[in-house]
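In what follows, a single structure is set out as C-alpha cells and then discussed.
The model shown is predicted, which means the values in this text are computed figures rather than measured ones. Numbers here simply count residues along the sequence, with the first being 1. Worth knowing before you read on, the calculation uses all heavy atoms, side chains too, and leaves out hydrogens, waters and symmetry mates.
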Amino acid sequence: PSPVEAAVERLPVLCPRWFAGGATAVTGEVAEGLRKSDRKGPVVAYLAKFLAADLERMVLTGDALTGDEDVRFVGVCRVFSGTLRPGQELFISNDGAKAARSICFERLFRLMGRFLQEVPEAPAGSVVAVQVGESVSTSEAALLGVERSLTLCSVADGPCFETPYSSQAFAIVRVNIQPQHVTDLEALSRGLQLLHRADPSVSVEVKSTGENVLGCCGDEHLKRCVTDLQNLYARGAPLSISTPLVAIREAFAAEIPQERAEIKGPAMWLPSWASHLVDASTEAGSQVSTEHDDGSDAGRPVTHHERISMSQAGVATVWTANRRACFRVRAVAIPTEVLDWMDANAEELERVVHRHSASIGFASGAEGASWESCMKEVQEQFEKHLEASSSSAELPGKLCGMCVAKGSRAVLLDATGSGWSFAALQHGEATEKSPPAGAEWVPRWMRSSVLAGFRLAANAGPLCEEPMRGVALVLHGCAGPAATATPGAEDGAQAAPVPVISAEPFGPMSGQVMVATKEACRYSLFRRGYSRICEAMLALEVQCEQGVLGKVYAVLGKRRAKVLDEFLRDGTSLFNICSHVPLADSFGLAHELRTAAHGQVSFHCAFSHWELSEEDPFQEASLTAEEMEDLGDMPLPPNNARKLIDSIRKRKGLPTDEKVVQVATKQRTVTRMK
C-alpha cells in the first residue's frame, strides 16, 4: 500500500503514545503530516542503522577495506513526513526529560544495491543513506548518542518511534575482550563503538571492573564479530579473547518425586558456598535457621531469635535488620500457559511494566492506549491465562508485581488479602483501609520498597546471580511493629508520621524493607529438591549424506542433542536431522561436524527457546536411602547443571565449593633421587 494508506495501521505501532486510541490520539501539524505523508509538512525521519561505506568510490564496503583508510559510515534513513535536504538541522526526539539535541546531515544518497548515488533531496516515503556531519560522527558521537534507532524531527517536541530491534533479544553468548598491550586500549574502545554501531544484534558493556564484554547471538555470530573487530574496526591491535560466557536462567521445579519430597530434614538446604550465612552474618545479631517448629503457612507465630527461616511448606521468613518487620514469601513455578503468554508478549510487557508507557498490544478498545488501561489489561490477561491453566490453585493471591527485564520472567502475588493490585501500582487508593485483627497486610508505604526488592531478586537469583525464569513469588504476609504503623491517613484527618526507625546502625526503614524482601525472594529458591536452571537451546538442522549419518549422530550424542525428526529428502540421498542442542555444548560444533563428515555436511543453527533442566543442581540434598547406600563412601559427581552454576560463579568471582587444597597436611617432594 501507499504511505498514506499504510499510515492508519503503521503509526499506532510505531508511536503508540501519539496515535494509539481514537480519543487520545495527538493532533497537530506534525501528526497530520505523518498521517498524510505530506512532503511539505514538518520533517520526521527515522535513522535505523549504519553501514560502512567508501564515500570516495561511492560504494558500501561491508567487511572489506582497501588501503589504510579509516572506517566511515552512512546511516539508513526512512523519511515519513516532509522533505529531507542536506544541511538541515534535525532534533533527536526522546521521551525523557532531557533537552532535545540536534544533528546535521551533510549529504544524501540513493541506495542502488551496494552503490551510492547522491541526491539533492528526499521526499516523504523515501529510504535514503545519509552522511552525518563530521563534528557529530567522530568525537561527539558518544555525547550526542548518534547511533541506531533514532527518531529525527524538525521541531523539538516531535514524536519518538519505538525501536524495531527487540530489547528481549539479549545476548546469550558473551566474551571478555582485552588488548594485549595497554597502549591499544583506546583503539579497542573505539573499535567496539564502531562494531556496536554497525551491527544491531551486538551488545557492548563496560563493567565497573573495566572489562569490555561483547555479547552476541551465538557461536558463529561471535566469530564474525571478532573477525570484523580484528580486521576492520580495531586493526593492528592484538586482542585477548576469553572463553564464551554462557548465560542461564534460575528456575523452580513445579513438583518433585514423592520419594524425594518425603525425605526428613530441614526445608531450606544451603550449599557449602552459602553455609557461612548459618554461622555468622554481616549484620549484628543475625542468624539463619534451616528448620522451623511449625510447618503451617498461616497463623504461625513469628519469632525474633532467627532472622531467616523456612517452614516445611517452603515459606521463607526474613526479618529486617532492626527486627521491626518480617516478610513471608514462598516460591512457586509459573504454569506453562502463563509463561508462554509472557514470552509471546515480552516486548509489550516490558514497555508497559518497566518503561511505564502505553502499548498498542494491550490497548483496550475506545479508551485508547493509556498506561493505566494497559496495566488493567495486563492484569486481566494474566488472570485469564492463569485460570485456563491446570495448576491455577497453586498460585493464590492477586498479581501485584511483574519483572520481564534482562530476560527474567517472574511475578509477585499478594496472598494477604489486602487488595494490593497490579493495576494500582502507582495510583493507589486515596485511603488505606485498616487491616482486620490478625491480618498481615503490607502497608501502602512499604509497597514501593517491596517491589524494588522483588525486582532486584528477579534480575539476580541466588544460584549464580542470573535472572529468574518461570518463578512466581507468593507474599503470604508482613508482620512486626513497623507493619502495623500506617503512615497515611484518610482525607481530612491528620496524617500519621512515617515510621522512621533510627538510622543507626541499620539505615532507613525503606532500605531495610527492600533488602529483606530481596532476601526472602532469593532464599525461597533454596527449598530442598526444588532448585532448577533453564538452559538456552539452539535449533539445529543438519543435512548430510547417508554414508556419514552415523558420524553425525556420534557428534550430536556427545553434545546432549535431542533429535526431534529425521527424514530423507525426496529425489536425493540427503538426510535432514532436526534437533535441539544446549548452548553450553554448541561451541566448536561446526568444526567438529565438518571434520567428522569430511565436509559432506551443511547445517543451520539458531536460538530456539529456554528449556527447564530436569537435573537438580544440589542433588546431594535429596538423596534417598537406596541412593546413599549405592553411593557408599564415593563422592557424588556433579551433574551438568551443577557444572554450569560453578563455572558461572567462578567467572563472576563468587565463592564455590571447589577445594583449592585437597589435603593440607601432605607435602609434595620435587627433588630427584640420585
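- Contact check on Glu337 versus Lys384 returns no salt bridge, with no Lys/Arg side-chain nitrogen under 4.0 Å from an Asp/Glu carboxylate oxygen.
- Counting heavy atoms from C-beta outward, Asn322 and Gln512 have side chains that approach closer than 4.5 Å.
- Remark: side-chain polar atoms of Glu541 are not paired, donor with acceptor, to backbone N or O of Ile577 under 3.5 angstrom.
- Within the 3.5 Å criterion, the main-chain N or O of Ala325 finds a donor-acceptor partner in the side chain of Thr320.
- Between Arg409 and Asp340 there is no salt bridge, since no side-chain nitrogen of the basic residue lies less than 4.0 Å from a carboxylate oxygen of the acidic one.
- Cation-pi geometry between Arg527 and Trp269 is not met: the NZ or CZ atom fails to fall both under 6.0 Å from the ring centre and inside 45° of the normal.
- Within the 4.5 Å cutoff, no side-chain heavy atoms of Val471 are placed close to those of Ile334.
- Annotation: the span from Cys605 atom SG to His580 atom NE2 amounts to 10.0 Å, rounded to 0.5 Å.
- For the residue pair Glu566/Asn576, the side-chain donor-acceptor check at 3.5 Å is not satisfied.
- Residues Met402 and Leu399 share a closest heavy-atom pair of CE-CD2, 4.0 Å.
- The CZ atom of Arg249 lies 11.0 Å from the NZ atom of Lys406; values are rounded to the nearest 0.5 Å.
- Between Phe607 and Trp610, the angle of the ring planes goes over 60°, which puts this pair in the perpendicular group of the 30/60° scheme.
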Could you please spell out the steps behind the salt bridge (charged side-chain N to carboxylate O under 4.0 Å, His left out) verdict for Asp343 and Arg469? CA-CA 10 Å; Asp343 287 336; Arg469 175 178 172 82; 2.7 Å; yes

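- For Gly529 against Arg532, the heavy-atom pair with the smallest separation is O-NH1, 3.1 Å.
- Closest approach of Val404 to Ala346, counting heavy atoms only: CG2-O, 4.2 Å.
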Do Arg522 and Glu465 pass the salt bridge (charged side-chain N to carboxylate O under 4.0 Å, His left out) test, and can you show the C-alpha distance, the side-chain angles, and the key distance before you say yes or no? CA-CA 10 Å; Arg522 285 167 58 95; Glu465 303 292 337; 3.3 Å; yes

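- Side-chain contact of Trp341 with Gln381: a donor-acceptor pair under 3.5 Å is present, judged by distance alone.
- Looking at every heavy atom in both residues, Val442 comes nearest to Val450 through CG1-CG2, 4.2 Å.
- Gln619 and Glu615 share no donor-acceptor pair across their side chains, judged by distance under 3.5 Å alone.
- Taking CG of Leu636 as the start and CG of Leu623 as the end, the distance is 6.0 Å to the nearest 0.5 Å.
- Side-chain atoms of Asp616 do not come within 3.5 Å of backbone N or O of Ser622 as any donor-acceptor pair.
- Looking at Pro335 and Leu386, their side chains come closer than 4.5 Å, going by heavy atoms from C-beta outward.
- Between Glu592 and Lys558 there is a salt bridge, since a side-chain N of the basic residue sits under 4.0 Å from a carboxylate O of the acidic one.
- In the displayed structure, Lys650 atom NZ is contacted under 6.0 Å by at most 12 heavy atoms of other residues, nucleotides or ligands.
- Under the 4.0 Å criterion applied to side-chain N and carboxylate O atoms, Arg560 and Glu535 are assigned as salt-bridge partners.
- Remark: the backbone N or O of Glu380 is not paired with any side-chain donor or acceptor of Glu383 at under 3.5 angstrom.
- A salt bridge links Glu611 to Lys562: one of the charged nitrogens lies within less than 4.0 Å of a carboxylate oxygen.
- Under the 4.5 Å side-chain criterion, counting only non-hydrogen atoms from C-beta, Ile308 is not in contact with Trp319.
- With hydrogens and angles disregarded, no donor-acceptor distance shorter than 3.5 Å links the side chain of Trp441 to the backbone of Cys478.
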After noting the C-alpha distance and the side-chain angles of Met509 and Val513, does the key distance pass the side-chain contact (heavy atoms from CB on, under 4.5 Å) rule? CA-CA 6 Å; Met509 190 62 190; Val513 169; 4.1 Å; yes

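- Here the side chains of Glu620 and Arg642 are in contact, with some heavy-atom distance below 4.5 Å.
- Interatomic distance, SG of Cys403 versus CG of Leu349, reported as 11.0 Å (0.5 Å rounding).
- Without hydrogens or angle criteria, Ser242 side chain to Asn176 main chain gives a donor-acceptor distance under 3.5 Å.
- Salt bridge status for Lys398 with Asp414: absent, with no side-chain N to carboxylate O gap under 4.0 Å.
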Verdict with supporting geometry, Arg651 and Leu245, side-chain contact (heavy atoms from CB on, under 4.5 Å): CA-CA 8 Å; Arg651 183 243 303 172; Leu245 315 177; 3.6 Å; yes

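- Taking a cutoff of 4.0 Å between a charged side-chain nitrogen and a carboxylate oxygen, Glu255 and Arg260 do not qualify as a salt bridge.
- Between Tyr523 and Pro462, the closest side-chain pair of non-hydrogen atoms is not below 4.5 Å.
- Arg649 places a side-chain N or O within 3.5 Å of a backbone atom of Leu463 that can act as its donor or acceptor partner.
- Across all their heavy atoms, Val329 and Ser524 have their closest contact at O-CB, 4.0 Å.
- Residues Leu222 and Val175 are in side-chain contact: their nearest non-hydrogen atoms beyond the backbone lie under 4.5 Å apart.
- When side chains are defined from C-beta on, Pro582 does not count as touching Arg559, because their heavy atoms never get closer than 4.5 Å.
- Distance check: Ile177 CD1 to Leu214 CG gives 4.5 Å after rounding to the nearest 0.5 Å.
- In this structure, CG on Leu473 lies 8.0 Å from CG on Leu413, to the nearest 0.5 angstrom.
- Here the side chain of Ser531 pairs a donor or acceptor atom with the backbone of Leu525 at under 3.5 angstrom.
- A donor-acceptor pair is defined here as one N or O able to donate and one able to accept, closer than 3.5 Å; no such pair exists between the side chain of Arg174 and the backbone of Gly215.
- Shortest non-hydrogen contact noted between Phe422 and Gln379 is N-OE1, 3.7 Å.
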With side-chain contact (heavy atoms from CB on, under 4.5 Å) as the criterion, how do Glu250 and Cys464 come out once you've worked through the C-alpha distance, each side chain's angles and the decisive distance to 0.1 Å? CA-CA 8 Å; Glu250 303 184 17; Cys464 52; 3.8 Å; yes

What's the verdict on side-chain contact (heavy atoms from CB on, under 4.5 Å) for Phe603 and Gln543, showing C-alpha distance, side-chain angles and the deciding distance? CA-CA 6 Å; Phe603 60 92; Gln543 296 180 0; over 6 Å; no

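- Counting only distance, with no hydrogens or angles, the side chain of Lys518 and the backbone of Phe454 share no donor-acceptor pair below 3.5 Å.
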